[in-house]
Amino acid sequence: MDRPLQRPLISVEGLARRFGDSNQPAVFENIWFGIDRGEFVCLIGHSGCGKTTILNVLAGLDQPSDGAVIVDNREIDGPSLDRAVIFQGHALLPWLSVMGNIAFAVSSRWPSWDRSKVADHARKFIELVGLKGAEAKKPSQLSGGMKQRVGIARALSIQPKMLLMDEPFSALDALTRGMLQDEVLRICADTNQTVFMITHDVDEAILLADKIVLMTNGPGAKIAEIVVNTMPRNERHRNDLHRHPQYYAIRNHLVEFLVNRSKAFDQEIADGSYDPRRLKLVKPGLAAVNPPAEVVPLRQTH
Amino acid sequence: METLKKSLGLRAALLSFLIFAAIVGLWQIAAQPPAASGPAVDPEYAKLVGAAAATGAKSAMPTPADIGATIWKHMLDPFYVKGTNDKGIGIQLAYSLGRVLLGFGLAALFAVPLGFLIGMSPLVYRALDPFIQILKPVSPLAWMPLALYTIKDSAISSIFVIFICSVWPMLINTAFGVASVRREWLNVARTLEVGPFRTAFKVILPAAAPTIMTGMRISIGIAWLVIVAAEMLVGGTGIGYFVWNEWNNLSIANIVTAILLIGVVGLLLDQGLARLTKLVTYPE
């Protein structure tokens, strides 16, 4: 892949993060990748490889030890309303109602709006996430899934250029998680939102992401490669994802990476072919439908 | 479960009543005048200490019935003024309450903003910590001579003493509450590009409010304890002065009345702040 002269919407360039003094090994280093406008990118890796730190750097909540993040051709130097964060623990303000939480975000985005305009705008997003009728409830009166919906509504309500999600569904039960995944898929399709999401759920990544960035284990974590999800968005449905001809090929590739390659990646690249600035874009899904001669076809017969 | 709770409450009330009845009964018996009349009293001495004590017919210790009568008398006319040393108990309580609220209010105006600063800045925290640690354990009454010397006004000095004793719990609790606001709530404000003042008022203040209010509750309790002693020292007006004055009059019934009223007012102050604390408390 040639790095285009025109940068993607978000360009992560040479990012590294060390904790403590500079002699300490970096949690991750030499991280390069880009996210195009309207793209849904998932970052997958084991705990401790620095996924959340990368997201926090993108959000402007953490400073990298090295490297930079360029958004819209400008280096970021702090948090911005253009990059909304959906926190892992929803992070709602417990003394405010659902409406209050979202109105707080809306009035931060548009300080000149009067109360009723803020409320109208907030109400639209409460409806969008299916919480109509719960406007006056406090977070403590909501279930985990509903809280996360409020978090999503709050992030969307400021109409950011991109959404950053830190394992937003990991604390939810499987059923709720599935429903919210569907909703995120629908909302992102409707609004053509650019999304960067951290997950360690392989199926979630395949369902939601257009590209899946694979991160090796820390310390010194790096990005191994980028998997292109060749299943078109309109063919990804949670209920019959597993019937899609490409599904198992992509899934197996990701699982294989997480189980084996993520810890042995340094041996894998001992031949020197690895260039962190020119990552391999792999398309395991296509191999399943157009197998090269030497690959055993992998087909599902459901 | 509900009936058990109810019956527990009922039984507790019954037990409280029994304890009360036992105390009053024992007291009544103990304070009875001795059966035999005492030895003859020198008439000079009788003049000096008052007729009741002189005849030996009645001890200075009042019976519960006397106390009841005294309370009733005070309740009937709490706000009379018959001279500088003879004012109704309601007026004396109002003086004390006024001083406490004024000193406490000034302390809140000082301690909450400063506590905010200490809680938000580790530098300020470290710089001020030695002062707080040394001054906090000092009895507020130890400040009284210094206050009297510098302020040269006994009424303001007692307000200053209330101020100094109310400051510490509010200062420490505010600093603690502000410092322990959850990181993620602050991150929400940061990602929304909320300015420092709006963050302070819309995020940190409501988040720390229950802790701050708890500090206020401790402060007002201490202030109410201290005002009695302070007024005994400076004299003039107030419930503390009233107690001391009645001690000089050897009117134990009035002293007991004052003790009970001090307790009731203290309870009301505490409950009032407990209500306010409940208003700002949020379940997580």
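The chains referred to below are lettered A, B, ... by the order of the sequence lines, with proteins before strands, and numbering in each begins at 1.
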Applying a strict 4.5 Å limit to non-hydrogen atoms, the region of A/Leu61 in contact with chain B is both
>> Could you check, using the six-membered ring where one of them is a Trp, whether A/Phe33 and A/Phe196 have ring centers closer than 6.0 angstrom?
In response: yes
* Is A/Asp72 paired with A/Arg37 through a side-chain N to carboxylate O contact shorter than 4.0 Å? -> yes
Turns out that what part of B/Val194 lies under 4.5 Å from chain A's heavy atoms comes down to side chain
Salt-bridge contact A/Glu204-A/Arg177 (side-chain N to carboxylate O under 4.0 Å): no
Practice problem: Please check if atom CG in A/Leu175 has more than 12 non-hydrogen atoms from other residues, nucleotides or ligands closer than 6.0 Å. | Solution: no
Honestly, the part of B/Arg198 sitting under 4.5 Å from a heavy atom of chain A is side chain
In terms of heavy-atom pairs under 4.5 Å with chain A, the winner among B/Arg182, B/Arg190, B/Glu184 is B/Arg190
Discussion item. Classify the ring geometry of B/Phe20 against B/Phe17: parallel below 30°, tilted from 30° to 60°, perpendicular beyond 60°.
Written reply: tilted
When the 4.5 angstrom heavy-atom criterion is applied to B/Val280 and chain A, the contacting part is neither
The interface call for B/Ala209 against chain A, heavy-atom contacts under 4.5 Å, is neither
_B/Phe110 ring center near B/Phe163 ring center (under 6.0 Å)_ = yes
Whatever's closer than 4.5 Å to a heavy atom in chain B on A/Leu164 counts as neither
From the list A/Gly60, A/Ala105, A/Pro139, A/Ser80, the residue making the most non-hydrogen contacts under 4.5 Å with chain B is A/Ser80
